[in-house]
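Below: the structure, in structure tokens.
Every chain is numbered from 1, with letters handed out A, B, ... down the list of sequences.
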Number of protein chains: 2
Amino acid sequence: MAKPVGRRGETRERVLATALELFAEQGVSGTSLQMIADRLGVTKAAVYHQFRTKDDIVLEVVRPVMERLLVLLEEAGARPASQERRRFVVHGLIDLVLAHRRLLGVLFGDPYVDALLKSHVETSGHTDRLTVLVVGETPSPTDLVSVAVFGGGLVSVGGDPNLAGLDDGTLRRELRGAAERLLFTEEVARVP
Amino acid sequence: MAKPVGRRGETRERVLATALELFAEQGVSGTSLQMIADRLGVTKAAVYHQFRTKDDIVLEVVRPVMERLLVLLEEAGARPASQERRRFVVHGLIDLVLAHRRLLGVLFGDPYVDALLKSHVETSGHTDRLTVLVVGETPSPTDLVSVAVFGGGLVSVGGDPNLAGLDDGTLRRELRGAAERLLFTEEVARVP
DNA sequence: GTCTATAGCCCGATAGAC
DNA sequence: GTCTATCGGGCTATAGAC
């Protein structure tokens, strides 16, 4: 599986960086290899020399996130189920989002990427394992909705232009605060 | 602006319904007029007889949501700024999501749709007005992040398969509860 | 490793018969 | 209102020169 990458894979890295930019601006389906090549100042064929297909580019762009997610899942799985483990997973996810701000907002939720990831055995099923780790095997409707809202919100903060001005430290603190309020607050009886 | 729609616009409605289905499955850029026509059992030209361009179809699919959002914005704008108004807007958004479950999750956040809406004067700026109504003119970082998380989460619940089993009543109750915890909870001092 | 050139397909969109 | 047929163009992908 090792590929003989000339001297250094620097062109390869430039392709991936440019692809990510364009995916963020136009979406994956809206980005052609021609656009990537144009922005790099090379031809389509040069890009094809680095990646066999467009799907390979997408998978390579997403890979760092998936690998990191897998590590988080394994670390969490090794711990006993508890409130502490839930918090460990949530904080890990927040840090993951911070480390890949743009990437997550753009690529996850994209139907093209979803289908692509689902067709690759090693990455499919991660989100299901995640849900179980956070809400347990038999979640209540409250748990389900809370996790869905927080998960969806977490993914969307990356690409949110309103939040571009916040530095990582502030964003981490605020996201942890939001998680506490949303996920770790006891239900209070409400009078109808 | 009234269009002379043959006898009844039933074919037109079928096109829109089918388009929505496909947008949900493949994304907007990933859906061709050929796919829409194939699923309907007609040819591309028949679809083109109902809509001048693909963009017209997308705009028409989104229109009910935008119109309802505009009504909500105007009703809210007529009220004095207060906690009560914030809650009114949030509850209105929740009901809007419930009324268009699939549509919202699929189309909003799609770069193609975003660009299309931005180029149409009458719909652009709605989300900005929304943000102001909920968090005010000078939002704190906490407000910004809370609203971003809840907004992103709200949009994503529509397409979430984990939540497909929940009926509208349950989902409304749980979303309101999540909004209370996330948006309307006083900050508590935390010891570092 | 990058180039030119091209194959073959599907795209959005149009014209005109029925 | 639906059809067949077609346009021009962009797409992914390949072949082969430098």
To the nearest Å, give me how far apart CG (Asp55(B)) and P (dC11(C)) are. 16 Å

To check you understand the geometry: which heavy-atom pair defines the closest contact between Thr185(B) and Arg181(A), and what is its length? CB-CD, 4.0 Å

Side-chain N or O of Gln50(B) versus OP1/OP2 of dT2(D): is the shortest distance under 4.0 Å? yes

In this structure, how many angstroms lie between the C1' atom of dT2(D) and the CG atom of Leu40(B), rounded? 13 Å

Asp167(B) versus Thr170(B), side-chain donor and acceptor atoms under 3.5 Å: yes

NA contact type, Thr43(A), heavy-atom cut-off 4.0 Å: base, sugar-phosphate, or nothing? base

Side chain of Gln34(A) only, heavy atoms from C-beta on: which candidate in dC3(C), dC11(D), dA13(D) is closest? dC11(D)

How close or far is atom C1' of dG16(C) from atom NE2 of His49(B), stated in whole angstroms? 13 Å

So Thr31(B), base contact, sugar-phosphate only, or nothing? Heavy-atom distance under 4.0 Å. sugar-phosphate

CD/Glu122(B): more than 12 non-hydrogen atoms of other groups inside 6.0 Å: yes

With sequence neighbours excluded, tell me which residues meet side chain to side chain contact (heavy atoms under 4.5 Å, CB included) with Thr138(A). none

Could you tell me whether the phosphate oxygens of dC11(D), OP1 or OP2, come under 4.0 Å of any side-chain nitrogen or oxygen in Ser32(A)? yes

For Tyr48(B) and Ala45(B), find the nucleotide of DNA chain C closest to each by heavy atoms; which residue's nucleotide sits nearer the 5' end? Tyr48(B)

Could Arg63(A) and Glu67(A) be called an ion pair, given the rule that one side-chain N must be under 4.0 Å from one carboxylate O? yes

Rounded interatomic separation in angstrom, taking NZ from Lys54(A) and C1' from dT14(D): 18 Å

What integer distance in Å separates Lys44(A):NZ from dG9(D):P? 15 Å

d(CZ, Phe51(A); C1', dC11(D)) in whole Å: 19 Å

Whole-Å distance separating the CD1 atom of Ile36(B) from the P atom of dC11(C): 11 Å

Protein-nucleotide distance (Gln26(B), atom CD; dC10(C), atom P), rounded to Å: 15 Å

